[in-house]
Amino acid sequence: MAYKIAFFGAKPYDIASFDKVNEKYNYDIRYYKGHLNPNNVVLTQDADAVCIFVNDTADATVIDAMVNNGVKLLALRCAGFNNVDMKAAKGKLPVVRVPAYSPYAVAEYSLALMLSLNRKIHRAYWRTRDGNFSLNGLMGFDMHGKTIGIIGTGKIAKILIRLLKGFGMRILAYDLYPDMKFAEEEGISYVSLDELYRESDIISLHCPLTDQTKYMIDKDSIDKMKKGVMIINTGRGQLINTNDLIEGLKEKKIAAAGLDVYEEEGEYFYEDKSDKIIDDDVLARLLSFNNVIVTSHQAFFTKEALHNIAETTLQNIDDFRHHRPLVNEVIL
């Protein structure tokens with residue numbers, strides 16, 4: 001009998017990549033467009049495993065319902081797991097994830113945001129389409145010789161650091177667990193957060209979302225930054241207090257912001273809302289700034305990453321099914 005997987009938040013590109021990889025497993029994957037939540041958890045009945053993404057909800061209520069429905073494994077097709085109540089899952093439902101699908105994709109996208117904002121490419125694109133070939137308001141700066149602060153130095157950040165070295169930038173880093181060997185090899189400096197805020201022309205966030213890092217970019221930290229700083233976030237939306245970011249933009253303390261994540265993204269990101277009015281006033285305000293780029297959590301979105309996500313997710317499920325060690329299990 002085929003192993004049943006209930007797959008939530010399914011998009012056409014998910015279905016294509018998982019169906020291709022599933023040719024060697026032959027699982028019975030049931031795709032559902034909706035995000036997993038208490039109202040549709042009934043769809044997990046008779047499923048052996050449930051597969052979810054970043055905007056699905058796996059709180060205590062949903063976890064208990066899944067266990068009661070006979071679900072034996074929760075498989076995340078992403079690295080982050082802050083949408084899962086791990087305390088509620090402990091001892092009831094093993095949780096596996098995809099720790100790294102393509103660190104190159106996210107690192108390269110972070111750099112793309114920096115370059116687009118600095119050289120105003122997004123604004124130039126719309127101008128020339130409208131027949132406006134003026135350069136007024138499009139001046140950027142040489143990245144060479146400038147200082148960038150990298151917060152969090154995991155796999156993605158290390159790849160980004162190597163890319164930025166090619167620009168001749170001075171690189172400062174902060175991490176709770178600094179990799180001094182890497183720092184010595186690459187010629188970067190680990191510093192305190194205060195020094196990083198004070199010295200950096202650009203700040204890029206690559207740390208996980210924890211109780212300690214939630215809203216780490218707030219009024220207090222922004223006050224410590226250089227006037228004219230650029231902030232890039234391809235990590236987690238709640239690393240930034242968005243209202244404080246908006247105040248920093250209005251006061252011209254922050255010159256530009258590139259955001260691939262947003263703290264209240266769940267209702268909007270990955271969905272087409274173009275025929276509706278955005279009733280999230282904070283998101284609407286962000287989108288009104290011409291020096292802010294907001295994208296829909298797409299930094300990971302490459303062909304290679306989607307293949308790796310499908311490959312690792314289905315391998316995680318296969319390992320569980322055949323009682324092999326779960327190398328990607330989330331254990332707190």
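Nothing here was measured: the structure is a model prediction, and the numbers come from that model.
A donor-acceptor pair under 3.5 Å is formed between the side chain of Asn69 and the backbone N or O of Val41. Side-chain N or O atoms of Thr312 include none that pairs as donor or acceptor with a backbone N or O of Ile309 at under 3.5 Å. No donor-acceptor pair closer than 3.5 Å links the side chain of Lys214 to the backbone N or O of Gln212. Although no hydrogens or angles enter the test, the distance criterion places a donor-acceptor pair under 3.5 Å between the side chain of Lys165 and the main chain of Glu186. At distances below 3.5 Å, at least one donor-acceptor pair connects side-chain atoms of Asn83 with backbone N or O atoms of Asp56. In this structure a side-chain-to-backbone donor-acceptor pair under 3.5 Å is present from Asn37 to Asn40. One N or O on the side chain of Asp48 and one on the backbone of Lys4 form a donor-acceptor pair closer than 3.5 Å.
The side-chain contact (heavy atoms from CB on, under 4.5 Å) test applied to Lys120 returns Arg123, Leu138, not counting sequence neighbours. Partners of Lys181 under the side-chain hydrogen bond (donor to acceptor under 3.5 Å, both in side chains) rule, at least two apart in sequence or in another chain, are Glu185. For Leu193, the side-chain contact (heavy atoms from CB on, under 4.5 Å) partners are Ile151, Tyr174, Tyr197, Met216, not counting sequence neighbours. Checked against salt bridge (charged side-chain N to carboxylate O under 4.0 Å, His left out), Asp244 has no partners two or more places apart in sequence or in another chain. The side-chain contact (heavy atoms from CB on, under 4.5 Å) test applied to Asp85 returns Ala60, Ile63, Lys87, Ala88, not counting sequence neighbours. Considering only residues two or more places apart in sequence or on other chains, Asp260 meets the side-chain hydrogen bond (donor to acceptor under 3.5 Å, both in side chains) condition with Thr295. For Asp194, the salt bridge (charged side-chain N to carboxylate O under 4.0 Å, His left out) test picks out Lys224, with sequence neighbours left out. In this view, Asp175 and Thr153 satisfy the side-chain hydrogen bond (donor to acceptor under 3.5 Å, both in side chains) rule, not counting sequence neighbours. In this view, Asp28 and Arg30 satisfy the side-chain hydrogen bond (donor to acceptor under 3.5 Å, both in side chains) rule, not counting sequence neighbours.
For Phe53 and Phe18, the gap between ring centers reaches or exceeds 6.0 Å.
In this structure, a donor-acceptor pair under 3.5 Å is present between the side chains of Asp218 and Ser221. Residues Gln315 and Asp319 have side chains that bring a donor and an acceptor to within less than 3.5 angstrom of each other. Side-chain polar atoms of Thr57 and Asp59 form no donor-acceptor pair below 3.5 angstrom.
Taking the side chain as every heavy atom from C-beta outward, Asn291 and Ile254 never approach each other to under 4.5 Å. Proximity of Thr242 to Leu259: side-chain heavy atoms (C-beta onward) are nowhere separated by under 4.5 Å. Between Tyr32 and Thr44 there is no side-chain heavy-atom pair separated by less than 4.5 Å.
Connection of Phe167 to Ile161 is established within a shared hydrophobic cluster, with ILVMFWY side chains joined at heavy-atom distances below 4.5 Å, either directly or through further cluster members.
When hydrophobic side chains of Ile, Leu, Val, Met, Phe, Trp and Tyr are connected at separations under 4.5 Å, Tyr125 ends up clustered with Trp126.
A cation-pi geometry, defined here as NZ or CZ lying under 6.0 Å from the six-membered ring centre and within 45° of its normal, does not hold between Lys146 and Phe141.
One finds the CD1 atom of Ile246 at 8.0 Å from the NZ atom of Lys250 (value rounded to the nearest 0.5 Å). The distance from the CZ atom of Phe289 to the CG atom of Leu249 is 5.0 Å, given to the nearest 0.5 Å.
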From CA spacing to verdict: side-chain hydrogen bond (donor to acceptor under 3.5 Å, both in side chains), Asp280, Tyr262: CA-CA 11 Å; Asp280 181 331; Tyr262 169 60; 2.9 Å; yes
Identify every side-chain donor-acceptor pair in residues 202-209 under 3.5 Å, counting partners at least two apart or on other chains, and give the distances.
residue: Ser204; atom: OG; partner: His206; partner atom: NE2; Å: 2.7

Side-chain polar contacts of residues 95-106 - donor-acceptor pairs under 3.5 angstrom, sequence neighbours left out - could you list them?
residue: Arg97; atom: NH1; partner: Ala79; partner atom: O; Å: 2.9
residue: Ser102; atom: OG; partner: Ala105; partner atom: N; Å: 3.2

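Of the candidates Tyr3, Tyr27, Tyr25, Asp318 forms a side chain to side chain donor-acceptor pair (under 3.5 Å) with just one, namely Tyr27.
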